[in-house]
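In the text below, chain A, chain B and the rest are named by the order of the sequence lines, each starting its count at 1.
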Amino acid sequence: MSLLKHSFDEFRKKYPARACPPNRIENSDQLRLMAESDGLEYFTDGPGAAVKAAVPEIEKGDPNIRLWVVRQIDVVHALENANFGANLESGIIKHTNLCGGKPAHSGGQLVILSKNTLAIDGGSGRYGPQSKEEMTALAKAFTNAGYGVWSYGYDEESGWPFRIGSRNPEWIA
Amino acid sequence: MTQPEASELDRVFGSDALGETIEDRAASSSRVFVRSQSQLAVYNERSTGLQMSAQWALRQFGFSTLLRAVDEGAVVISASLSEPARTLREQRETLGLSINQIARASRVAVDVVREAEKPGSVVPIRQLRSLAQSLGLNDEKISVEPGAGADHDLAYRLRTMKHRGQDSNLSPSAVLNLAEAAWIASQQLDLEQFLGRKTKLSVFEHKDSDYSFPSWERGYGLAEKTRSLLGIGATEPIQSVRALIDDLGIPLVQAPMGPRFAGATVVNGENRGIAVNTEGENTNVWIRRMTLSHELGHLLWDPLEKLKHLHVDSYDTITSSRVSNVDVIEARANAFAISFLAPPEAVKEIIRSGGDSFSMVSKMMSVFGVGAAAAKYHLTNISIQWGADVDVSNVNSADLPSPDDEWRARENWTVDFFPIPGVSVGRRGRFSGLIASALKAGKISRDTAGSWLGVEPSEIENHCDDIIDLTMH
């Protein structure tokens with residue numbers, strides 16, 4: 001079994017898949033499932049051995065921001081500004097486009113900093129983590145899958161995860 | 001922005017909110033938003049941040065941001081990773097304050113202040129707002145806009161001002177009090193507008209730059225004009241200068257500022273307010289009435305270039321006759337103050353009615369509510385101008401009357417009888433009344449009210465009507 005599968009299966013056991021709240025689906029385009037040819041990518045095991053470097057300073061609206069979703073059997077991601085979104089009613093992809101609107105275990109945003117280091121947040125109104133513990137477990141799942149992880153953590157004051165650009169991330173050892 | 005679709009209005013304000021316009025929907029919405037330092041969201045059972053009414057959130061962030069918060073769960077509201085750290089540090093340094101001083105004034109731990117000044121860090125929103133308030137920054141705009149509404153000219157003046165040509169900078173506590181007064185002034189005027197209240201200041205839109213000799217004539221003329229514009233009888237005593245200033249919609253902050261400074265006129269951006277010391281000679285309300293009137297003269301009539309964002313007056317400026325003729329701005333404000341309180345025609349009437357000089361001075365003081373030094377000086381001046389011969393040199397100030405309870409109550413009313421002891425003296429005026437009114441009308445949240453008055457929201461809720469009765473006449 002791959003590191004990624006093992007790590008995220010553990011996560012899935014603790015945090016079952018959630019349906020997207022119906023009020024967050026604004027139009028049917030948001031349910032169109034992306035394919036690899038549309039820019040959808042699959043996470044595989046990370047190369048490991050990432051070491052902590054300087055804190056990444058990523059502002060909101062960074063063009064390298066990607067969306068990710070923990071689906072029932074895999075973990076996928078796609079560039080938020082992927083061309084696929086230009087033809088959608090919303091003009092941009094949503095997390096539901098990564099899973100066809102089906103239930104998912106978690107979702108958020110990320111920036112790939114290097115081949116083995118990610119900066120991730122839980123910024124998804126549709127599938128995002130709903131507690132500090134869940135956000136921590138998620139970051140750990142990526143770490144256990146072989147990636148070095150900078151996590152934005154959970155904003156208890158807003159009751160949602162901190163999004164990229166809202167603060168500096170923390171290194172998850 | 002263009003009018004949103006009905007479905008978007010429903011999403012943001014809830015389908016139970018009424019009205020066609022965004023503003024109408026917001027005003028009738030029961031939806032609550034919540035913010036942290038860097039994010040805005042719809043209130044949910046997990047959130048512990050600062051709750052905001054839909055109407056207030058709309059005013060602060062605009063419809064498109066609220067829509068994104070509703071659709072995306074949370075939206076980043078901070079301007080960049082540098083904010084609010086850069087704004088906080090720059091404002092503190094411009095004011096010449098240490099981290100310890102600002103921590104003490106805002107009742108925030110030193111470590112939290114250090115963290116708040118570190119780019120990319122986050123601190124609890126309520127503590128961040130306290131810091132902003134103490135630094136004279138807009139606590140709603142902090143982290144959202146670089147600069148957070150800071151008036152750099154005012155901050156610079158607070159740090160660098162020299163008093164009457166001498167190298168005597170304001171003390172850190174005076175700087176802090178005046179910076180907070182600047183925040184209160186701005187916030188109060190914003191609240192007046194938010195609540196749809198119109199101030200009477202529009203009739204004083206045109207400032208008067210005539211400081212020609214003799215300054216006292218200019219001051220007398222402006223006092224007469226002010227009485228006329230406000231509909232006050234030509235010789236009618238002014239019962240409460242504090243109430244008059246409140247009624248005009250001028251922010252008035254009464255706060256302890258040490259033994260030396262009497263009062264100040266503070267210009268924060270477009271907003272003008274008055275800060276008055278509650279310590280020193282102003283503990284005598286007749287002297288404080290002179291201070292208030294003196295600052296009123298500055299605020300109503302001096303052009304901005306004369307005030308230079310901050311005009312601080314010491315007691316020797318206001319209570320003594322020895323203002324240099326060269327300092328025409330002060331001379332005019334002093335003449336304004338005394339003739340506004342005790343119009344020359346009324347003083348002539350006292351002289352005309354006869355009696356010895358002691359009784360004339362006593363009558364001036366007790367009828368018009370002015371201090372002994374000012375009364376004696378004014379009586380002498382008027383008698384000279386009028387060709388009368390009143391000699392006050394033998395009148396012993398120690399034998400003259402002092403303000404009775406009625407005078408004290410009228411001027412001290414909101415400070416002495418404020419129902420929540422934890423609210424700082426500087427925030428006990430009309431500012432608190434506007435907050436209580438907005439809270440009672442559901443226009444702001446309990447959290448917002450609590451943050452502005454620096455106490456638990458439940459305390460304000462429990463005393464809403466008392467505060468309104470006390471401060472809004």
Chain B contact via [X] - which portion, at a heavy-atom distance below 4.5 Å:
X      : answer
A:P21  : neither
A:R24  : side chain
A:Y152 : neither
A:E26  : side chain

Tell me whether the count of non-hydrogen atoms from other residues, nucleotides or ligands lying under 6.0 Å of [atom1] in [X] goes above 12.
X      : atom1 : answer
B:D16  : CG    : yes
B:R68  : CZ    : no
B:E461 : CD    : yes
A:E10  : CD    : yes

CG on B:L128 to CD on A:E157, rounded to 0.5 Å: 9.5 Å
Side chains of B:R35 and A:S158 in contact at under 4.5 Å (non-hydrogen atoms): no
Selection from A:N23, A:I58, A:I164 maximising heavy-atom pairs under 4.5 Å formed with chain B: A:I58
Checking [X] against chain A: side chain, backbone, both or neither under 4.5 Å from a heavy atom?
X     : result
B:A85 : neither
B:Q37 : backbone
B:L50 : neither

Do side-chain atoms of [X] reach the backbone of [Y] as a donor and acceptor pair under 3.5 angstrom?
X     : Y      : answer
B:Q39 : A:R163 : yes
B:T48 : A:E156 : yes
B:S38 : A:S166 : yes
A:K60 : B:S78  : yes

Heavy-atom pairs under 4.5 Å with chain A, option from [options] with the top count:
options              : value
B:V76, B:N44, B:L81  : B:L81
B:P119, B:A74, B:S80 : B:A74
B:V42, B:L40, B:I125 : B:I125

B:E72 vs A:H95, side chain to side chain contact (heavy atoms under 4.5 Å, CB included): CA-CA, chis, key distance, verdict: CA-CA 10 Å; B:E72 303 297 328; A:H95 287 92; 5.8 Å; no
Non-hydrogen atoms of B:G73 and A:W160 that approach each other most closely: O-NE1, 3.1 Å
Shortest non-hydrogen separation from B:R46 to A:Y154 and the atoms involved: NE-OH, 3.1 Å
